[in-house]
There are 2 protein chains.
Amino acid sequence: MANLNLHIDFRSETPITTQIVEQIQNRVLSGELKPGDQLPTVRQLATDLRVNFNTVARAYRILDSMGLISTQQGRGTYIWSAGQAENRERERRQAFEQLTRHYLRDALALGFSMDQIRALLETQIEQLNHTQTAED
Amino acid sequence: MANLNLHIDFRSETPITTQIVEQIQNRVLSGELKPGDQLPTVRQLATDLRVNFNTVARAYRILDSMGLISTQQGRGTYIWSAGQAENRERERRQAFEQLTRHYLRDALALGFSMDQIRALLETQIEQLNHTQTAED
DNA sequence: ATTAAAATTGTATTATTGTATCATTGAATA
DNA sequence: TATTCAATGATACAATAATACAATTTTAAT
């Protein structure tokens with residue numbers, strides 16, 4: 001059962017359900033989740049995220065209606081498709097824009113300035129580069 | 001659920017909302033309320049104080065914007081940080097760094113480069129400025 | 001191999017909790 | 001006295017949680 005490594009921000013302006021939907025969507029678009037992969041049960045993921053399992057179930061149902069996953073009562077939830085190749089690029093771009101929009105909204109809501117955002121991004125990228133090279 | 005034991009003076013010059021804000025603030029500063037503690041629901045506290053629940057909700061929202069509590073629709077209201085301005089500032093910073101880490105992780109996983117991230121951030125900030133000024 | 005009970009998994013419905021918008025009140029002021 | 005505006009209240013709404021349910025799989029007895 002795939003470890004999704006999702007992160008919920010309870011203070012975010014984005015509802016929990018939406019956060020789950022978007023992050024699973026992104027995992028599929030990035031290839032971290034592949035067709036056939038089984039997702040955690042609604043109760044398991046809910047426990048991990050410290051959320052009511054109905055919230056996860058709602059997210060799964062939305063993803064199901066989007067055709068991204070297949071939920072089956074009594075069986076579990078599986079990744080359905082990786083999307084059509086021609087739409088893939090557009091969807092990836094849209095996900096990127098949405099991700100950025102929400103990040104900006106939450107960072108600004110926390111009271112940080114654009115300059116501070118730029119600065120922290122550079123700092124963290126620097127750190128990532130270091131840990132990467134250290135692992136080589 | 002913490003018993004706040006607040007007292008409202010209806011004859012006071014100070015608005016009810018302000019009285020609630022200040023008293024909860026004091027409970028946090030004095031350590032009577034600790035991070036993670038759940039506050040009464042807006043309706044429960046409103047009943048106790050014999051005021052409209054919107055008044056409590058307003059007070060909660062102010063405390064939220066101050067970074068003292070976290071209000072979550074459907075879940076309740078929780079103390080977010082210890083009252084010392086110093087602690088609040090540190091926790092705000094930590095939240096910002098975590099937010100940014102997760103954003104970077106997801107954006108990079110989607111296959112976008114640091115240059116693309118920088119560019120999109122600037123674009124979206126530009127758009128935000130436009131919609132803001134357009135609303136004036 | 002069969003089958004029935006138990007466990008697991010998602011679904012449906014209702015209750016709870018905070019949010020948004022507009023209406024009302026009452027005191028300050030022209 | 002009339003007007004205006006901040007504070008509060010009323011109402012409808014949106015997000016999440018609680019509870020009971022239905023479908024499927026698993027387990028164990030025969």
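What's counted below: heavy atoms across the whole structure, side chains too, no hydrogens, waters or symmetry copies.
The line from CG of B:L121 to OH of B:Y103 is 4.5 Å long, rounded to the nearest 0.5 Å.
Computed from coordinates, the A:L45 CG to C:dT9 P distance equals 13 Å when rounded to whole Å. In this structure, CG of B:N54 is placed 15 Å from P of D:dC13, rounded to the nearest angstrom. Following rounding to the nearest Å, A:W80 (CH2) and C:dG10 (P) show an atom-to-atom distance of 16 Å. Following rounding to the nearest Å, B:I62 (CD1) and D:dT8 (C1') show an atom-to-atom distance of 13 Å. Atom CG of A:D64 is separated from atom C1' of C:dT11 by 12 Å (rounded to the nearest Å). When the C1' atom of C:dT8 is taken as reference, atom CG of A:L39 falls 16 Å away, rounded to whole Å. The separation between A:R11 atom CZ and D:dT16 atom C1' is 18 Å, rounded to whole Å. A:F10 has its CZ atom 16 Å from the P atom of D:dA15, to the nearest Å.
The nucleotide whose nearest atom lies closest to any side-chain atom of A:T71 is, among D:dG9, D:dA7, C:dT11, C:dT11.
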Could you go through nucleotides 15-17 of chain C and list every protein N or O atom that sits under 3.5 Å from one of its N or O atoms, giving the distance for each pair?
{"residue": "C:dT17", "atom": "O2", "partner": "B:G74", "partner atom": "N", "Å": "3.2"}

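With B:E97 as reference, B:R93 is the one residue of B:R101, B:Q94, B:R93 to meet the side-chain hydrogen bond (donor to acceptor under 3.5 Å, both in side chains) rule.
Residues A:Q44 and A:D48 have side chains that bring a donor and an acceptor to within less than 3.5 angstrom of each other.
Between B:R61 and B:D64 there is no salt bridge, since no side-chain nitrogen of the basic residue lies less than 4.0 Å from a carboxylate oxygen of the acidic one. Ion pairing between B:E91 and A:R11 fails under the 4.0 Å rule for side-chain N and carboxylate O.
Listed here is the closest heavy atom pair of B:F53 and B:A46: CA-CB, 3.4 Å. When all heavy atoms of A:S12 and A:Q19 are compared, the closest pair comes out as CB-NE2, 3.5 Å.
Contact annotation: B:N52 side-chain N/O to D:dT8 OP1/OP2 distance is not under 4.0 Å. For A:T55, no side-chain nitrogen or oxygen approaches OP1 or OP2 of D:dA15 to under 4.0 Å.
A:R58 comes within 4.0 angstrom of a nucleotide base, judged by non-hydrogen atoms across all strands.
Mapping A:T17 and B:I16 onto DNA chain D via the closest heavy atom, the residue that lands nearer the 5' end is B:I16.
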